Amino acid sequence: MRIEASAAFTSSRPLFPLFIFLFFIPGFHARNLQQCSSSCGDLTNISYPFRLQGDPAGCGDVDFQLSCQNNTAILNFRGGKYYVKGISYDKRTIRVVDVNLAHGTCGLPYKSLSMSEATEDSRFPSLITFWQANFVNCSNAIPELTDSKVPCLSGDTSHVYVNFSNRNLFGYEIPRNCKVISRIPTSAENELNYPYNETTLKLLATGFDLRWSVECRNCHTVGLSCVYESNNDPRIFQCETMYEEDYKTLLPAAIAYLVSDRLIVKALLVRFILAPLVVFVFLLHKCLTTRKTVGNAEHVGDLQMLPKPVPCSPQGHTRNLPSDSPKQVLIAASIERSA
């Protein structure tokens, strides 16, 4: 159904400020703030949307602010601290590493961070590689996991092992008397789960890549969803909006769902409440009807046992019925004896 231009403009008028905010404002900032750049140690050309703490107000976006400590850029992310090893403005990625693992030394991450938790921030909607290290603490030694034991974290009563997976471990995958105490994403897959040695430490020290998006941040700010615009280029995101055509599609589906849901409720009501009630009323009616029929029959029998009324003459006087004569009585007695 074609919508007239004037009607379409009128219906979209409330969304006009939203489009200005989502598309015009970010583009304006990008054109005017990219020229403002700073550096921290080996990380140079920190520009829009990123900025350093203490930069002029017109530089970068405060939601993408970094701090510079000991000539090292630090990102505060999901309650943890991460050294920034590089920023790609072409691929829109930032590589970070947990501060406790950055120097290739034995230890736990500063803050546990699973892959799912890493993608819950609207500024960084995706990881590049979905692989993580799981640190598992056991009260008893597990002989099969001796090679992956973390020596600096283990003792007589505590045995810590590291395991690599592409998801969070299920309960049945964790040995008895063990629990996961920390997680951290990694930049490469490790399906072999090789021993905890220098190779593992180097892998953890490389950190992991986050994909950043100002558009997704803006999208979540106005309460919308951020989705991939194209599977061929996952760097590009767009806001998930609802137009009039979507209402035409979703409304019948919603009505059908409500109708089917009510029909199911009615069917259950009839099956488990009304049907037993009808059966009970029918049996009660049948029982009462049977008792009434038996009572009427007994009443009729009582009436038959009552003495018959004596007929009256037309004048209202009682007629004397002829009784058996003595002769008839004697004949009947003789018949009974012969029998």
Side-chain angles (χ1 to χ4, degrees), residues 43 66-67 69-70 72-86 93-212:
L43 188 64
L66 309 175
S67 62
Q69 301 176 12
N70 299 323
T72 304
I74 295 179
L75 171 68
N76 293 308
F77 176 66
R78 305 293 295 174
K81 291 184 178 182
Y82 301 87
Y83 292 141
V84 180
K85 303 190 69 175
T93 61
I94 178 173
R95 171 157 294 200
V96 297
V97 57
D98 185 279
V99 294
N100 284 0
L101 306 176
H103 303 294
T105 56
C106 179
L108 284 176
Y110 177 86
K111 174 73 166 56
S112 177
L113 179 71
S114 66
M115 293 183 297
S116 58
E117 292 170 338
T119 56
E120 290 176 355
D121 193 305
S122 61
R123 302 170 300 169
F124 307 99
S126 176
L127 289 164
I128 303 303
T129 57
F130 287 86
W131 209 259
Q132 70 182 21
N134 308 289
F135 292 84
V136 182
N137 184 23
C138 302
S139 58
N140 300 322
I142 308 297
E144 297 82 0
L145 302 178
T146 301
D147 290 341
S148 60
K149 191 172 185 178
V150 183
C152 67
L153 302 175
S154 302
D156 295 335
T157 59
S158 178
H159 307 270
V160 178
Y161 305 92
V162 63
N163 165 274
F164 292 86
S165 65
N166 59 357
R167 53 172 171 74
N168 291 339
L169 297 177
F170 295 119
Y172 67 85
E173 296 176 313
I174 302 174
R176 295 184 59 184
N177 303 320
C178 298
K179 64 178 180 179
V180 177
I181 57 175
S182 188
R183 302 181 181 93
I184 196 70
T186 61
S187 60
E189 299 180 359
N190 181 15
E191 297 182 5
L192 298 178
N193 279 302
Y194 38 71
Y196 185 85
N197 52 24
E198 185 178 353
T199 304
T200 303
L201 294 176
K202 287 182 178 180
L203 173 63
L204 296 175
T206 58
F208 57 95
D209 292 311
L210 289 169
R211 200 179 296 279
W212 54 268

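These numbers come from a predicted model, not from an experiment.
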Nearest 0.5 Å please: distance from the [atom1] atom of [X] over to the [atom2] atom of [Y].
| X | Y | atom1 | atom2 | value |
| --- | --- | --- | --- | --- |
| Thr157 | Asn140 | OG1 | CG | 10.0 Å |
| Leu101 | Tyr83 | CG | OH | 11.0 Å |
| Thr146 | His159 | OG1 | NE2 | 10.0 Å |
| Leu203 | Phe164 | CG | CZ | 5.0 Å |
| Ile184 | Leu204 | CD1 | CG | 8.5 Å |
| Leu210 | Asp121 | CG | CG | 8.5 Å |

Check Glu173 with Arg167, please: is the shortest side-chain N to carboxylate O separation under 4.0 Å? yes
State which residue, out of Asn168, Thr186, Asn166, fulfils the side chain to side chain donor-acceptor pair (under 3.5 Å) condition with Gln132. Asn168
Taking side chain as C-beta onward, heavy atoms only, is [X] less than 4.5 Å from [Y]?
| X | Y | result |
| --- | --- | --- |
| Asn177 | Pro175 | no |
| Ile142 | Lys149 | no |
| Phe208 | Met115 | no |
| Lys81 | Lys111 | no |
| Val97 | Tyr82 | no |

Does [X] reach the main-chain N or O of [Y] with its side chain, forming a donor-acceptor pair under 3.5 Å?
| X | Y | result |
| --- | --- | --- |
| Asn163 | Asn134 | no |
| Ser154 | Val160 | yes |
| Ser158 | Gly155 | no |
| Asp98 | Asn100 | yes |
| Arg78 | Glu117 | yes |

Minimum-distance pair of heavy atoms, taken over all atoms of [X] and [Y]:
| X | Y | result |
| --- | --- | --- |
| Gly86 | Leu43 | CA-CD1, 4.0 Å |
| Leu127 | Thr119 | N-CG2, 3.9 Å |
| Ala205 | Lys85 | O-NZ, 3.4 Å |
| Gly107 | Cys152 | N-SG, 3.6 Å |
| Ala141 | Pro143 | O-CD, 3.5 Å |

For Phe135 and Ser112, what are the C-alpha separation, side-chain angles and deciding distance, and is it a side chain to side chain contact (heavy atoms under 4.5 Å, CB included)? CA-CA 9 Å; Phe135 292 84; Ser112 177; over 6 Å; no
Verdict with reasoning, Thr129 to Asp209, per side chain to side chain donor-acceptor pair (under 3.5 Å): CA-CA 7 Å; Thr129 57; Asp209 292 311; over 6 Å; no
More than 12 heavy atoms from other groups under 6.0 Å of CD on Glu120: yes
Test ring pair (Phe, Tyr, Trp, His ring centres under 6.0 Å), reference Phe77, set Tyr110, Trp212, Phe124, output is Phe124
